[in-house]
> 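Attaching a single structure in structure tokens format; questions to follow.
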Protein chains: 2
Amino acid sequence: MAYESEYPPFYVTVDIVVLAIRDGRLHALMIRRGGEPYAGAWALPGGFVGLDEDLRDAAERELEEETGVRIGTETLTQVHTYGTPDRDPRHRVVSVAWLAAFPETVEVTAGTDAAHAEWRPVDELLVDDPGDRLAFDHAGIVRDAVEAAQERLMNAEPPLLAAGFTGGREFSLSQLRSVYEAVLGHELDPGNFQRKVKATQRLVEPTGRREPAPGGRGRPAEMFRLKPRA
Amino acid sequence: MAYESEYPPFYVTVDIVVLAIRDGRLHALMIRRGGEPYAGAWALPGGFVGLDEDLRDAAERELEEETGVRIGTETLTQVHTYGTPDRDPRHRVVSVAWLAAFPETVEVTAGTDAAHAEWRPVDELLVDDPGDRLAFDHAGIVRDAVEAAQERLMNAEPPLLAAGFTGGREFSLSQLRSVYEAVLGHELDPGNFQRKVKATQRLVEPTGRREPAPGGRGRPAEMFRLKPRA
DNA sequence: ACAAAAGTGTTACACATACACCCATGT
DNA sequence: ACATGGGTGTATGTGTAACACTTTTGT
């Protein structure tokens with residue numbers, strides 16, 4: 001099928017930066033590109049927006065199609081829009097970038113379309129002179145998204161990003177702290193973090209349960225969950 | 001001329017929210033729409049992006065074409081992208097919104113294409129049940145842009161927005177304060193503002209001159225200019 | 001002298017940071 | 001007993017807000 005238009009034909013796409021903590025490091029969900037250009041390079045999941053589709057819905061759909069990962073559409077937040085004329089060598093593509101977070105424990109089901117999806121450590125993606133560069137301007141998009149994530153983790157209301165990382169499960173405050181540390185890229189004082197989180201209204205609530213630390217050693221931690229959005 | 005494409009034809013536009021302080025109130029530069037839809041309604045300046053044109057350049061060009069206002073392209077900052085399928089009843093339009101600030105003293109030259117451009121008080125544009133509604137989803141865009149302006153005026157580095165409002169001219173700290181007050185929508189303590197601005201590195205530098213207050217009454221104020229970007 | 005605006009001093013309070021110290025558990 | 005991680009207490013610093021007060025001008 002071919003379309004016709006009296007105005008220049010733009011391709012509108014979405015790119016999705018999904019962050020997760022794995023082994024204490026910040027990772028992003030990436031796709032190994034098959035075809036040219038940038039064949040074999042890592043790229044963000046994403047694709048064309050449908051003619052009757054909301055941008056946000058397109059992000060959710062493309063993410064699932066390309067990686068098998070389902071993210072609630074309400075946890076996707078817009079970051080920035082990229083439209084430099086030469087950012088894609090083939091066509092004029094304007095891409096709206098979205099950010100979401102994903103819980104640590106859930107694995108990517110590497111089936112069907114998701115065969116080439118993989119979690120990649122963000123710091124390796126962003127080194128200045130990587131052996132394998134990211135496709136298109138995706139390095140810049142990842143960089144901007146991580147910056148936005150740092151900002152929103154500390155300031156955003158409601159705490160959508162924290163919700164994405166925890167995925168509705170229970171957690172100890174040191175587990176939550178390790179998420180913050182991985183995103184921010186530096187350590188936080190355990191005691192101060194504890195108080196700050198507890199003092200922040202509408203963030204966490206205790207479940208009453210306690211759970212021993214992963215190593216078994218040490219005092220069992222009180223478990224929390226995120227407060228449901230009011 | 002007609003274009004053809006194998007993918008859905010999207011129209012990509014830019015909308016520009018230019019803010020200025022006039023009579024102590026926050027204003028936005030708006031256009032009176034001529035044709036349908038929304039004939040006669042106020043709308044943001046903006047228009048179609050050229051096929052080989054950067055989004056930012058398109059914003060600068062459309063702004064000047066429709067209002068006669070020239071803004072340095074580097075003072076335009078992106079706010080958000082709007083792409084709901086039904087936001088324009090005629091076509092599928094994805095619009096990238098931009099924010100800039102403009103000095104108080106400069107008048108809009110209401111010539112040529114700018115005949116229908118006018119500064120409108122923001123609070124009147126945003127009342128919940130206005131007699132004349134804004135075209136399309138432009139009320140939401142203005143609302144988001146003002147929110148972004150408040151955030152960036154306080155936090156952004158470099159202080160692009162403050163630079164836009166002052167336009168490179170000299171100013172007293174109470175003049176600068178009235179800008180902040182108009183954008184934030186509430187009053188600030190003169191003494192505290194004075195200290196805070198002076199304490200902020202890379203913001204203002206004294207010119208050595210003094211100038212009497214506008215009414216003539218009162219102690220003449222020390223004049224400042226924004227520090228040039230390092 | 002008085003009003004008005006510029007600018008300084010002072011105090012109180014919220015909040016962040018650093019770090020000492022106690023608590024509860026496994027080995 | 002000791003190591004380990006959870007959690008509390010406490011002191012110190014830093015930034016904000018409120019407001020009294022002094023300075024410099026025009027009338």
Side-chain angles (χ1 to χ4, degrees), chain A residues 21 23-24 104 150-151 153-157 159 166 169-225, chain B residues 21 23-24 104 150-151 153-157 159 166 169-225:
Chain A
I21 318 295
D23 308 319
E104 183 162 14
Q150 293 172 344
E151 216 275 322
L153 197 59
M154 300 311 283
N155 302 324
E157 183 62 32
T166 61
R169 302 187 322 292
E170 294 186 11
F171 49 86
S172 70
L173 291 191
S174 42
Q175 288 171 339
L176 183 63
R177 173 165 53 85
S178 75
V179 169
Y180 275 65
E181 289 175 338
V183 174
L184 298 178
H186 60 85
E187 304 204 333
L188 299 170
D189 182 284
N192 294 335
F193 183 80
Q194 187 116 189
R195 258 179 311 237
K196 177 167 175 176
V197 168
K198 285 180 186 167
T200 303
Q201 293 303 339
R202 324 172 14 78
L203 186 51
V204 299
E205 62 187 5
T207 67
R209 297 200 319 106
R210 288 194 160 267
E211 209 165 276
R217 258 190 283 281
R219 175 179 176 176
E222 193 177 359
M223 301 302 283
F224 293 81
R225 72 172 72 89
Chain B
I21 317 294
D23 309 320
E104 182 161 13
Q150 293 172 343
E151 215 277 321
L153 196 59
M154 299 311 284
N155 302 325
E157 181 63 34
T166 60
R169 302 185 325 291
E170 293 186 13
F171 50 86
S172 71
L173 292 191
S174 44
Q175 288 170 339
L176 184 63
R177 175 166 50 85
S178 74
V179 169
Y180 276 64
E181 290 175 336
V183 174
L184 298 179
H186 60 85
E187 303 205 332
L188 298 170
D189 182 284
N192 294 337
F193 184 81
Q194 187 115 188
R195 259 179 310 235
K196 178 170 175 174
V197 168
K198 284 181 186 166
T200 303
Q201 293 303 340
R202 325 168 18 76
L203 186 52
V204 298
E205 61 186 7
T207 67
R209 297 201 316 109
R210 290 195 156 267
E211 210 164 275
R217 258 191 284 279
R219 175 177 173 177
E222 194 174 0
M223 302 302 280
F224 293 82
R225 72 172 73 88

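Throughout, protein chains are lettered first and strands after them, A, B, ... in sequence-line order, and every chain is numbered starting at 1.
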> Where the side chain of E222(A) is defined as all heavy atoms beyond and including C-beta, which of dG7(D), dC19(C), dG6(D) is the nearest nucleotide?
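Among dG7(D), dC19(C), dG6(D), the one nearest the side chain of E222(A) is dG7(D).
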> Of R210(A) and P212(B), whose closest DNA chain D nucleotide lies nearer the 5' terminus?
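Comparing both residues, the 5'-ward one is R210(A).
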> dA6(C) C1' sits how many Å from F171(B) CZ, rounded?
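Rounded to whole Å, this separation is 16 Å.
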> With a 4.5 Å heavy-atom cut-off, do M223(A) and P206(A) have their side chains touching?
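A side-chain contact under 4.5 Å is absent here.
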> Specify the residue among N192(B) and R195(A) whose closest nucleotide of DNA chain D lies further upstream toward the 5′ end.
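By nearest-heavy-atom nucleotide position, the 5'-most residue is R195(A).
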> Just to confirm, is there a sub-4.0 Å distance from OP1 or OP2 of dT17(C) to any side-chain nitrogen or oxygen of K196(A)?
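Answer no for this pair, as no side-chain N or O of K196(A) is under 4.0 Å from OP1 or OP2.
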> To the nearest Å, how far apart are Y180(B) OH and dA17(D) C1'?
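Checked: the OH to C1' distance equals 18 Å.
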> Nearest to the side chain of A221(B), which nucleotide is it out of dG6(D), dT24(D), dA6(C)?
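Comparing dG6(D), dT24(D), dA6(C) against the side chain of A221(B), the answer is dA6(C).
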> Just to be sure I understand the rule, does R219(A) reach a base, reach only the sugar-phosphate, or reach nothing, if contact means heavy atoms closer than 4.0 Å?
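Result for R219(A) = base.
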> Between dT24(D) atom C1' and E211(B) atom CD, what is the distance in whole Å?
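Going from E211(B) (CD) to dT24(D) (C1'), I get 16 Å.
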> For L173(A) and dA24(C), give me the distance from atom CG to atom P, rounded to whole Å.
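Between P of dA24(C) and CG of L173(A): 17 Å.
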> Nearest whole Å is fine: how far is dG7(D) P from L176(A) CG?
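My rounded result for the distance is 12 Å.
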> Got a second to check how far E222(A)'s CD is from E211(A)'s CD, nearest 0.5 Å?
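Nearest 0.5 Å value for the CD-CD distance: 12.5 Å.
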> Both P220(B) and R217(A) contact DNA chain C. Which one's nearest nucleotide lies toward the 5' end?
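That would be P220(B).
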> Got more than 12 heavy atoms from elsewhere within 6.0 Å of CZ, R217(A)?
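No, CZ of R217(A) has 12 or fewer neighbouring heavy atoms, counting only those of other groups under 6.0 Å.
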> Apply the test side chain to side chain contact (heavy atoms under 4.5 Å, CB included) to residues F193(A) and E181(A): give CA-CA distance (whole Å), side-chain angles for both, the deciding distance (0.1 Å), then the verdict.
CA-CA 11 Å; F193(A) 183 80; E181(A) 289 175 338; over 6 Å; no
> Tell me whether the side-chain N/O atoms of S174(B) come closer than 4.0 Å to OP1 or OP2 in dA5(C).
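So the side-chain polar atoms of S174(B) never come under 4.0 Å of the phosphate oxygens OP1 or OP2 of dA5(C).
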> So which atom in K198(B) and which in F224(B) form the shortest heavy-atom distance, rounded to 0.1 Å?
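What the structure gives for the nearest pair is CE-CZ, 3.9 Å.
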> How long is the line joining CG of L188(A) and P of dG5(D), in whole Å?
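Rounded to the whole Å, the gap is 17 Å.
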> According to a strict under-4.0 Å criterion, is K198(B) in side-chain N/O contact with OP1 or OP2 of dG7(C)?
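K198(B) to dG7(C) OP1/OP2: no side-chain N or O under 4.0 Å.
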> Between atom CZ in F193(A) and atom C1' in dT8(D), what is the gap in whole Å?
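Going from F193(A) (CZ) to dT8(D) (C1'), I get 17 Å.
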> Write down the distance between CD (Q194(B)) and P (dT22(D)), rounded to a whole number of angstrom.
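Checked: the CD to P distance equals 18 Å.
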